Amino acid sequence: DTAVSQTPKYLVTQMGNDKSIKCEQNLGHDTMYWYKQDSKKFLKIMFSYNNKELIINETVPNRFSPKSPDKAHLNLHINSLELGDSAVYFCASSLDQGQLNPYGYTFGSGTRLTVV
Amino acid sequence: AQSVAQPEDQVNVAEGNPLTVKCTYSVSGNPYLFWYVQYPNRGLQFLLKYITGDNLVKGSYGFEAEFNKSQTSFHLKKPSALVSDSALYFCAVRDQAGTALIFGKGTTLSVSS
């Protein structure tokens, strides 16, 4: 009964490849997020979708493209992977952008992407 | 723009001693404040939050935090540290406009036996 699930958990790929990370939440939340945690453990917001609509798009290379087929899913597609894309990517969800669920955000367990 | 500062990269305490992990914030209007903990190779787990009401907030695993509006601080505290509390702690802030949670850089807590 995982609330926010991400797949895959680990992803090792070569430079130049295209890859996707999937995220699904079964909490009935309207808003989903992608965060990037770099090697220094800094957590930075990348994107946010509210009910399938993009509401936050931080300064992220356009090689990164989020897609939300429905409000329970937010996938992250990355084109032409670079060494600097190596990081842990976390998906999260919240009740909606204007209200908070009791726990703020619920996070997935992360996807560790390694580009070689 | 909202921001969070965690001035200490690492905090070291002996088991049984009190611990404090510091956090200051900057936000327009009233803040929503959170503490999360991250264990190695795991996701972030919610510890506690301040939305409104009492300035002293109690959370999971015996942790508490005190909201101080005049000092714009939200320090995390625990009266008696456990070795199992050793982890990476993040403070986060969100304004009432509902923008995304902004995280501090994290503080590694190390509790020695």
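Proteins get letters first, then strands, A, B, ... in listed order; numbering begins at 1 in each. Note that these values count all heavy atoms, side chains included, but never hydrogens, waters or copies made by symmetry. What you are looking at is a predicted structure, and each value in this text was computed from that prediction instead of being measured.
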| query | Taking non-hydrogen atoms and a cut-off under 4.5 angstrom, which of residues 75-88 of chain B neighbour chain A? | reply | B:L88

| Pairwise side-chain contact, B:L44 with A:L43, heavy-atom cut-off 4.5 Å (strictly under) | yes

| Is the B:Y36 to A:F107 ring centre distance short of 6.0 Å? | yes

| field | Pair B:F90-A:Q37, side-chain contact (heavy atoms from CB on, under 4.5 Å): steps then yes or no | value | CA-CA 12 Å; B:F90 289 98; A:Q37 186 174 43; 3.4 Å; yes

Tell me whether [X] at atom [atom1] has more than 12 heavy atoms from other residues, nucleotides or ligands lying less than 6.0 Å away.
X: B:E15; atom1: CD; result: yes
X: B:K22; atom1: NZ; result: no
X: A:R63; atom1: CZ; result: yes
X: B:D54; atom1: CG; result: no
X: B:Q10; atom1: CD; result: yes

Verify same cluster id: [X], [Y] (apolar side-chain graph, 4.5 Å):
X: A:M46; Y: A:L83; result: yes
X: A:Y89; Y: A:F42; result: no
X: A:I45; Y: A:F47; result: no
X: A:L76; Y: A:V4; result: no
X: A:W34; Y: B:F103; result: no

| query | Checking A:Y105 side chain against B:L101 main chain: does a donor-acceptor pair fall under 3.5 Å? | reply | yes

| query | Looking at A:Y35 and B:A100, what are the two nearest heavy atoms and their distance? | reply | OH-CB, 3.9 Å

| Close contacts, residues 108-116 of chain A versus chain B, judged by heavy atoms under 4.5 Å | A:G108, A:S109, A:R112

| task | Measure distances from B:Q38 to the heavy atoms of chain A and classify the residue's part below 4.5 Å as side chain, backbone, both or neither. | result | side chain

